[in-house]
Structures are given as C-alpha cells and as structure tokens.
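Below is one structure; the comments refer to it alone.
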Amino acid sequence: MPKIKINNLEIFADPGSTILEAAKEHNINIPTLCYYPDLHINSDCRICSVEIVGQKGLVTACSTPVKDGMDIKVNSPRALNARRTITEMILANHDAHCTTCIRNLNCELQTLADNLGIDATRYENILEPKAIDTSSYSLVRNPNRCIKCGRCIDVCQSVQSVSVLEIIGRGRESVVSPAYGKLIADVFCTYCGQCSSVCPVGAITEKDDTDEVWKALDAHSKHVIVQVAPAIRVSLGEDLGLPLGSIVTGKLISALKMLGFSKVFDTNFTADLTVIEEGHELINRISNKGVLPLITSCCPAWINFAEHEYPELIDNLSTCKSPQQMFGALAKTYYAKRENIDPKDIYVVSIMPCTAKKTEARRPEMSVNNEDPDVDTVLTTRELAKMIKQMGIDFNNLRESNFDKPDEVTSGAGAIFGASGGVMEAALRTVKEVLENKPLKILDFEQVRGTEHIRHADVEINGATYKVAIVNTLGSAREIAEQVKTGNSPYSFIEIMACPGGCVGGGGQPYGTTHAKARERMHSLYQVDRLSKIRKAHDNPAVSNLYTSFLGNPSSSIAHELLHTHYTNKR
Amino acid sequence: MLEMKLVSKRFGLIDPYSIDDFIANKGYQALKKALKADKLDLLDEIENSKLRGRGGAGFPVAIKIMALAKEISQPKYVICNADEGEPGNFKDRYILEKDPHSIIEGMLIAAYMTNAKTGYIYIRGEYSLQIDIMKNAIKQAREKNYLGEAILGTDFSFDLEVRSGAGSYVCGEEFALLESLEGKAGRTRVKPPFPTSRGLFNKPTLINNVETFATLPVIIDIGGKEYAKIGTASSTGTKLISISGNVLKKGVYEVPFGISMRKIINELGGGVENGRKIRMVQLGGECGPIIPEYMLDMVIDFERFEEFESKTGAGALIVIDDRFDFFEILKRISEFFTHESCGKCIPCREGNYHLLKIIDRFVNYCATEKDMNLLENTAMVLHHTSLCGLGQSAPTAIISALHYFRGTFQKRIEASLSQEDRIYAKN
Ligand SMILES: Cc1cc2nc3c(=O)[nH]c(=O)nc-3n(C[C@H](O)[C@H](O)[C@H](O)COP(=O)(O)O)c2cc1C
Ligand code: SF4
Ligand code: SF4
Ligand code: SF4
Ligand code: SF4
C-alpha cells in the first residue's frame with residue numbers, strides 16, 4: 001500500500017486510487033467543481049489542483065494516482081492561489097446574479113466561491129450574453145451560467161446514450177449546446193433531465209412552472225387538485241433540511257394543503273391501477289400469443305427514446321398510460337362527475353421526480369376532451385421544495401395528514417413504482433396471484449430489486465418459467481432494445497426506467513442526486529411498502545370500487561379510452 | 001563548420017519524388033541493418049544514444065519505445081506527429097519535402113522494435129505539397145516492399161497512411177492528435193493513461209515527432225554511443241533549427257547541441273537586417289521564452305531551456321529587432337493562444353483572454369502596477385494548472401518577459417500614469 005502524506009497527515013492509500021479518493025477516504029476535503037461521483041473524470045476545471053512537494057507545477061487531485069512517498073499539500077499558498085484565481089476567472093465569464101438565480105443557495109459554484117472567500121474578482125467581466133433556450137416544456141438552458149464542466153454531456157452520452165449535448169466551437173467561443181447550436185426542442189432530447197440533475201450551476205434546469213401553479217391556486221374559479229408521485233415522499237425532505245431517505249408522506253400532504261390545494265391525492269393509486277391494466281395486458285399477450293416481450297410504458301423519457309430510436313418496438317410497448325396520466329384522465333372524468341364539478345374548472349397539478357413528465361403532460365393524446373391537457377402543470381421535487389420555502393412553511397414541524405379520497409387507500413405495490421424494479425415486482429405480485437389463483441406466499445421478489453442497470457430474473461408461474469428483465473438508464477435500455485429489435489430477446493416482460501435507479505434517481509429530484517443517494521431513497525420506498533396494510537394492487541378496495549362503479553372490467557372499452565394510449569414513429 | 005548534417009544530409013541532393021535517389025544515397029540501409037539485428041540490441045542503441053524527442057517536450061525516446069515494446073496486446077500503432085502548427089517552426093516541413101523516406105525509414109525501425117503493424121503520419125492540412133510528396137513516397141515504398149506484408153522477405157509487416165489535420169495548432173498536442181485521428185474534435189484527454197498504454201482507439205501507441213523518427217536511421221547507422229558523443233552531455237546529437245524573424249537568411253539549419261544562439265543567428269542566419277539591433281529573441285516558437293540580446297551567448301541545450309520553466313526545444317529562433325514595440329509582440333502572442341485554446345480547461349480557456357486584455361492595457365498606455373501583478377499571477381496559474389501543454393506554455397513568453405524585461409513594464413506603467421495626468425490636465 002502506498003504511504004503518502006496529505007496536509008502532513010500520513011496515510012496508507014489504496015493502490016490505484018487517485019489523490020482525491022485517498023483524501024476522501026480519510027475525510028480530507030479537496031474542493032472540486034467538474035468532478036461528479038458517478039461520471040467520468042473530466043479534469044477540466046482544475047479546481048482540485050494541489051501541490052506535491054518537490055514538483056514544479058500543480059496536479060489535479062481527481063486525475064492523479066497516488067504514488068508511494070507523495071507529500072501532498074492541498075492548501076499550499078500556490079494551490080490556494082490557483083484555486084481562487086480560476087474561480088475568479090469563472091465568475092468573470094458568468095452571469096453571477098445569484099439572488100435571481102434558481103440555484104441560489106444550492107449552487108456548487110456559489111459554495112466554492114464562498115468557501116474560498118471570494119468577494120470580488122480582479123478580472124473584467126467578459127461575458128457576452130447569449131440567448132436562453134426555453135424551447136421545451138421540460139428544460140431550460142441558460143448558457144450565460146454554464147461553466148462548461150462537461151457533466152451534462154457525459155450523462156447524456158455515456159449514461160443515457162442519447163448524446164444530444166456537446167461542446168461546439170473552440171476556446172473562448174465554445175458553448176455547451178445541442179449540435180449546431182440547435183434548440184433543445186429541435187433535437188431528440190428525451191427530457192429525462194439527468195443533465196439538470198448533475199449540473200453544478202443554474203445552466204440547465206427544469207422549466208420552472210411554479211408561477212403557473214401559484215396563479216391557479218389564486219384563481220377562485222379553479223378547483224386545484226394535486227397528485228404526488230411515489231418517489232417524492234422519500235426525497236423531498238432532503239431539499240428541506242431533513243436527512244437523506246427521510247419518509248415525509250404526512251408532512252408533504254400537510255404542506256400541499258397549506259399551499260392551498262383543494263385535494264391532495266396519491267399517484268400510488270393510479271400506479272395500482274396501472275398494475276391491474278398492465279397485468280391484464282401481459283396475461284392477454286401471454287395467453288393469446290401477442291407481441292412479447294411486453295415493455296413498460298410508465299417512463300415518458302423511455303417512451304420518447306423508443307419513439308425516436310426504436311420505433312420497431314412500438315408494438316412491444318404497453319399501451320397503458322403512465323400513472324400520472326391515468327390520474328389526469330380520471331380526474332377530469334370520473335372525479336369531475338362524482339364531485340359534480342365542470343372538468344374545465346378542475347386544475348390538475350402533479351408533483352413528479354421527473355422533468356420528462358412535463359412534456360408527457362403536453363402530448364396531444366393526453367387530453368380527454370382533445371382540448372385541455374388532463375394534467376395541467378407538472379412540478380418537480382425541487383420546484384415543490386421551492387414553493388414550500390417561498391410560503392415560509394416550517395416543514396420539519398408540520399403535523400402529518402392523510403391523502404384525500406378516493407386515494408386514501410393505496411397499496412405498497414404502487415409505492416415501489418418509484419424504484420427500478422418496482423413496476424416489475426408490483427405486476428408480478430398481481431399476475432402470479434391472479435394466474436395461480438391462490439394467495440402468494442412470499443410478496444418480496446428480491447430477485448428483481450437492486451440498482452444494477454440491467455437485471456434479470458426467472459419467475460415461475462403455474463409451473464412455467466418466464467424470463468423478465470429490469471433496466472434503468474437509457475444506455476442500458478438501448479442494449480436491451482437492440483436485443484428485442486433483432487428478435488433475440490429471451491424475455492416476456494421488461495421494465496425500463498430512464499433514470500439511474502428509477503424515479504428515485506429522477507431528473508427532477510434534489511440536485512446532486514447520485515447512485516448512492518438513489519439507493520437510500522429506494523430503501524425507504526421498500527420500507528413504505530413493507531409498512532403498508534395492503535401490498536398487492538388487486539387487493540386495493542378503492543381500485544376495485546373504481547372498476548365496479550365506473551370502469552367495468554380491466555381492459556374494458558372505457559378503460560381503453562381513458563387509461564390506454566398509442567405511440568408514434570418519430571424517426 | 002557550424003552545421004552538421006546528419007538528418008539533413010540528403011536535403012537538396014535527391015529528388016523527393018524518387019525512391020531510387022533515396023536508396024542510391026544510403027537510404028533504407030539502416031532499416032536493413034535493423035532487420036538483421038536483435039530487437040533488444042536495437043533498443044540498447046536507442047538508449048545509448050540518449051535521444052530526446054524533437055517535438056518540443058524533449059522526452060527520452062528510448063523510454064517510450066520500450067514501453068510500447070513491452071505491451072503485448074495488438075494492435076499497436078506508431079504515429080508520426082507532423083502537425084507543426086506553431087508559428088516560427090518549419091523544420092519538419094523541410095524533412096517532409098526534402099527527404100520523405102527518411103521518416104518512413106525511422107517509423108519502420110520503431111515499428112520493428114515494438115512489433116507495431118500500423119502507422120499514421122499526421123500532417124497539418126496546410127502542408128499540401130508535403131502531403132503529396134509523402135503519399136508518393138509511401139506508394140513507392142510499398143511497391144518496393146519497404147512497406148506492406150513480409151517486408152524485404154522477413155516476417156515483419158508494417159503499413160503506413162497519411163492523415164491530414166484540421167488545422168488547429170492544438171492538434172499537434174499528442175492527445176488532441178489522437179482524438180483528431182479518431183475523428184473527434186481536437187481536444188486533449190485526461191492523463192494518465194499515456195499513449196504507450198492507451199493511445200489511438202485506446203490501443204498502445206507511440207507518437208513521435210518527424211525529426212525524432214528521421215534521427216532513428218542515423219543512430220542505427222552510426223551506433224548509439226557514437227551518436228551520444230555529438231552535442232552536450234544532457235542533449236546529444238544534432239538539432240534542426242528554424243530561424244525566422246528579422247534575419248537575413250531565414251531557414252532551417254542542422255547544428256549539434258551546445259552551439260550558442262548568437263553564432264547561429266549571426267553565422268547561419270546572416271545576422272540582422274540592415275545591421276539593426278536585436279531587441280529580443282523568442283526561443284522555440286510562440287510558446288517559448290523571450291530573452292534579451294545579452295543572453296544570446298547561451299547555448300542550445302535542453303537543460304538550459306528548462307531553466308525557463310519552458311519545455312520548448314522544438315528548435316526555433318525568432319529574432320525581433322528594435323523596430324517593434326515590445327508589448328505589441330506580447331499582444332500578438334496572446335492573441336495567438338486566445339485563438340488556439342481548445343477551450344477544454346478553464347485556466348487556458350478563460351485565462352488567455354484575460355492575459356490579452358491586460359497586455360492590451362500596456363499597449364494602450366493605461367496599465368497600472370495592479371495590472372502587472374495580475375498579469376504575473378494569471379500567467380503563473382495558467383502555467384501551473386492548465387490541462388495540456390498549450391495552456392501550460394502559453395504564458396511562457398509573458399513569464400520570461402516579466403523576468404528579463406521588468407524595467408520595460410515599469411516604464412510603461414509610469415508612462416501610463418503621466419499619460420493619465422496629461423488627460424486630466426487637458427480637462
Ligand atoms: C499545443 C501543442 C502543440 C504541439 N504540436 C506539436 C507538433 O506540431 N509536432 C510535434 O511533433 N509535437 C507537438 N507537440 C508535442 C507533442 O505533444 C508530443 O510531445 C510530441 O509529438 C512527442 O514527440 P517527440 O517525443 O518525438 O518530441 C505539441 C504539444 C503541444 C502542447
Ligand atoms: S449559477 Fe450559482 S453562482 Fe451562478 S448565478 Fe446562479 S447561484 Fe450564482
Ligand atoms: S450546462 Fe451545467 S452541466 Fe452542462 S457544462 Fe454547463 S455547467 Fe456543466
Ligand atoms: S425514470 Fe422516472 S423520473 Fe426518470 S424520466 Fe422516467 S419517469 Fe421520469
Ligand atoms: S490547456 Fe488549453 S488547449 Fe490544452 S486542454 Fe486546456 S483549454 Fe485546451
């Protein structure tokens with residue numbers, strides 16, 4: 001083991017580790033900026049420059065492997081000066097109006113400048129303002145705040161295999177943008193929003209729709225209701241000062257009530273409904289020799305990806321709408337009728353871990369009256385946290401509340417939709433029990449859980465073995481889709497989620513989401529499931545009630561009209 | 001005799017389009033000798049020669065060749081860096097257009113020692129004549145089985161292709177060159193890994209300069225120990241020097257290391273035009289240090305050059321006489337780097353422009369003491385933290401200027417102040 005010194009502390013470092021890793025291991029902080037735990041080492045910002053005693057230049061801690069005998073000074077006057085100078089250079093080419101920036105107080109550049117004690121820059125500001133790209137429903141790109149760290153390019157390319165972002169131009173003229181300086185809406189962006197999640201500054205963010213929601217909440221003629229996706233209850237707390245993985249369902253509902261929503265519903269309810277509809281679809285396809293594998297459709301970024309890159313697979317996609325859209329359709333039909341409210345007066349807001357859901361809500365198919373969107377506005381976890389802060393709510397000290405009817409009862413199966421493998425597990429619980437016609441002994445399908453990007457399992461139903469696959473990230477989805485396209489897929493059922501770890505790692509989740517954080521949130525979701533009274537979607541009495549009172553049977557014509565959709569070849 | 005023609009011995013004596021001319025002038029004899037020798041003995045010869053790279057960084061050639069030879073995986077690549085994009089440097093162009101086969105021969109010897117089967121010569125796009133000459137040379141060499149399968153009846157096979165660069169200076173940096181060869185934008189990579197372990201398409205790769213390759217046949221011919229006797233202890237052999245600027249006889253001259261610059265300028269370069277005074281000389285090219293006239297007795301030598309914290313040994317002398325404004329020259333250099341920065345890392349992308357802006361204040365007589373401090377600080381940070389050699393060496397001229405011409409900066413600051421006074425007085 002190499003013996004090295006960092007700031008005079010003698011340590012034994014793992015062979016092959018970098019200076020940064022070795023320092024972290026021993027709780028020594030080396031400032032970084034372009035570095036991101038799950039991405040490639042870019043070594044572009046040079047902020048982690050440190051001095052090695054006896055060497056002329058400085059080296060970057062993120063990319064330099066340790067060597068026996070290295071004597072590293074993280075904060076030598078030269079290293080500190082370099083770090084400050086570089087930070088000043090960044091600020092001199094940056095629209096540093098923090099108070100009006102979406103990332104204020106939650107920005108890696110701001111924190112860095114603060115930690116380095118930078119109050120003024122010695123350089124003239126040389127920013128040449130460029131147009132802000134607001135072309136899409138999901139994402140906003142502000143080049144005037146981009147520090148060209150390359151993180152967004154890396155996730156888009158190496159994690160998602162979508163590669164719409166790149167560096168164009170050279171030197172001082174270089175900008176991070178879709179090819180040829182196109183707008184986001186004009187390229188094949190899936191809107192997964194992973195770029196916005198890893199961006200250290202306010203250069204790629206979700207399109208901020210909080211003002212729309214404030215406006216709706218203020219309009220007396222509107223009945224404003226809100227649905228909350230499964231993954232929000234295990235992540236929102238982080239943005240409001242609570243520990244990672246905190247389960248905040250009750251407080252979240254109270255906060256939404258305080259914001260002024262008339263009713264607060266749980267998307268888990270329509271997740272349960274999705275399980276029933278999709279489960280029946282699977283059973284039908286298996287028994288009638290329909291197109292297999294069946295591939296899930298609740299992730300809109302995956303759907304965008306499939307429509308653009310794998311239109312050959314459209315027949316494999318489940319025709320089920322996503323839980324968000326099932327909710328929207330029911331809100332403006334079933335709920336409107338039951339509550340005797342003109343659907344035109346109902347305003348549906350969703351709280352989603354997701355930026356792609358914003359665009360999904362604007363798909364023309366997602367409108368029961370072919371006029372207004374079923375879901376009017378979608379907010380991300382981050383936007384909701386912002387509204388709670390704007391309202392001055394002391395989140396941590398809120399009392400707990402319950403969801404409103406008809407969603408007060410939801411199953412644990414719906415809850416785990418927020419984790420990669422959750423849709424699969426929820427569906428298997430129902431399909432296996434329905435087909436075998438006897439109560440399931442073990443509800444936990446451990447073999448489909450986890451965070452690896454591609455997982456497989458063999459599931460026994462009625463003596464027959466079915467192969468299933470669970471996929472997260474679009475890069476892995478591409479691998480599996482290639483298999484299906486060439487007819488070599490051994491699977492009957494495939495779950496695909498675009499974000500690492502599924503929606504717990506969604507593009508709308510708190511900034512700085514990593515695989516490790518997503519895993520913690522996932523654990524919390526399985527805990528929600530474990531603690532649920534009902535753990536199988538088909539056991540949810542509210543869902544059964546919905547069928548008897550309104551939908552009839554699964555896959556009925558009204559169910560098809562409201563809960564199913566179709567896809568378009570967009571290649 | 002100042003000149004010593006080893007690499008340039010055939011310059012002007014042969015028709016570059018004729019392989020027969022080359023062969024008639026001892027061409028490909030070193031290759032034949034090598035093909036009969038033991039590979040380890042050949043490596044010893046290179047090591048004994050103490051040859052250092054001629055592309056600028058002066059890295060020991062034997063270390064890289066041995067590293068590649070040790071790699072067992074295939075394919076392996078041998079790449080000749082003929083990008084030569086730095087103003088003031090044109091010695092590689094001379095070799096390409098006057099003796100192309102000497103480069104092929106050098107690459108063949110390197111490939112033979114390392115078991116590489118494929119090679120590329122990356123020539124800058126502007127060198128269209130040289131590209132043509134090189135392509136013709138490769139074609140002829142292939143026809144005579146100096147390239148291709150089972151070369152000259154041995155079991156050694158190697159083939160070679162010309163690739164031309166997109167034209168930016170940074171593509172000469174070895175990692176940017178690899179990216180460019182892979183069809184990507186010419187930007188450097190994070191290092192390590194280094195090319196000998198993961199180079200072109202992540203395969204083991206040897207990259208050397210044109211002159212470096214052209215020197216290998218000389219070493220095999222006369223022997224490593226003999227070669228090491230030429231030059232100085234730390235810098236063996238000869239060096240092609242490109243002389244330009246305000247001298248009478250601009251051109252490329254081959255001299256042994258250890259000759260003073262004054263001699264080279266006066267005796268080979270023919271001295272300064274119209275007997276004017278030399279204000280300064282820039283060594284190595286745009287990325288090299290600027291020294292005052294009184295230092296010209298310094299000899300050409302890697303170790304001496306490194307005292308400037310400059311890695312530049314590509315061998316250019318740019319002579320500037322007293323007609324030119326010192327700050328205008330610095331400004332031109334800064335403009336060059338602002339334009340050539342690839343933009344990947346922050347210090348170089350942002351810093352060069354700030355250097356330019358500050359120097360502009362000196363040019364326009366509105367500089368202050370603060371500007372000088374900021375100039376110095378910015379230059380040092382660029383030098384210490386930039387990702388690739390371009391950013392690291394971009395401020396060399398400024399750093400050396402601040403060192404040797406500090407008085408000139410101070411005078412300009414004083415002049416700036418009095419200029420301000422004049423403006424105030426007018427109002
Ligand atoms: C900005 C930049 C430009 C360079 N241009 C060239 C070039 O045109 N030709 C060259 O041989 N080396 C060039 N180099 C040096 C190469 O990176 C590399 O060190 C060299 O090709 C190795 O060959 P050598 O060891 O034979 O010198 C350049 C380096 C930098 C940083
Ligand atoms: S990105 Fe960060 S530093 Fe820049 S304006 Fe926004 S908060 Fe401030
Ligand atoms: S948009 Fe954000 S993540 Fe992308 S390069 Fe710019 S600062 Fe980095
Ligand atoms: S995985 Fe979840 S958060 Fe990510 S794009 Fe899909 S639905 Fe949205
Ligand atoms: S030093 Fe300059 S040329 Fe080199 S990587 Fe950095 S920006 Fe690009």
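Residue numbers begin at 1 in each chain, while the letters A, B, ... track the order of the sequences.
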Check this for me: Glu128(A), atom CD, are more than 12 non-hydrogen atoms of other residues, nucleotides or ligands nearer than 6.0 Å?
no
Exceeds 12 heavy-atom contacts within 6.0 angstrom, atom NZ of Lys3(A):
no
If you count heavy-atom pairs under 4.5 Å between each of Ala185(B), Ser341(B), Gly186(B), Gly351(B) and chain A, which one has the most?
Ser341(B)
Out of Lys357(B), His354(B), Lys370(B), which one racks up the most heavy-atom pairs below 4.5 Å with chain A?
His354(B)
How would you list, in number order, the residues of residues 73-82 of chain A that have a heavy atom less than 4.5 Å from chain B?
Arg78(A), Asn81(A), Ala82(A)
Which residues from residues 29-41 of chain A are near chain B, with near meaning under 4.5 Å between non-hydrogen atoms?
Ile41(A)
Proximal component of [X], with respect to chain B [non-hydrogen, under 4.5 Å]:
X: Glu173(A); result: neither
X: Ile147(A); result: backbone
X: Ile126(A); result: side chain
X: Ser63(A); result: both
X: Ser174(A); result: side chain

Proximity breakdown for [X] and chain A, heavy-atom pairs closer than 4.5 Å:
X: Lys344(B); value: both
X: Arg189(B); value: neither
X: Lys191(B); value: backbone

Which pair of non-hydrogen atoms, one from [X] and one from [Y], has the smallest distance, and what is that distance?
X: Met89(A); Y: Ile346(B); value: SD-O, 4.5 Å
X: Asn42(A); Y: Val190(B); value: O-CG2, 3.2 Å
X: Pro347(B); Y: Ile86(A); value: CG-CD1, 4.0 Å

In the structure I gave you, are the side-chain heavy atoms of Arg187(B) and Ile167(A) within less than 4.5 Å of one another anywhere?
yes
Between Arg83(A) and Thr385(B), does the side-chain contact (heavy atoms from CB on, under 4.5 Å) criterion hold? Intermediate values first, please.
CA-CA 9 Å; Arg83(A) 221 170 276 147; Thr385(B) 64; over 6 Å; no
Only one of Leu374(B), Ile358(B), Thr378(B), Asn373(B) clears side-chain contact (heavy atoms from CB on, under 4.5 Å) with Arg122(A); which?
Leu374(B)
The test is side-chain contact (heavy atoms from CB on, under 4.5 Å); show your working for Glu124(A) and Arg361(B) and say whether it passes.
CA-CA 12 Å; Glu124(A) 189 183 324; Arg361(B) 294 206 273 278; 3.6 Å; yes
Taken to the nearest 0.5 Å, the spacing of Glu350(B) CD from Arg172(A) CZ works out to 8.0 Å
Distance (rounded to the nearest 0.5 Å) between His383(B) NE2 and Lys56(A) NZ
7.0 Å
Determine yes or no for a side-chain-to-main-chain donor-acceptor pair under 3.5 angstrom, with Arg170(A) supplying the side chain and His339(B) the backbone.
yes
With side-chain contact (heavy atoms from CB on, under 4.5 Å) as the criterion, how do Arg46(A) and Leu387(B) come out once you've worked through the C-alpha distance, each side chain's angles and the decisive distance to 0.1 Å?
CA-CA 8 Å; Arg46(A) 320 304 287 167; Leu387(B) 177 58; 3.2 Å; yes
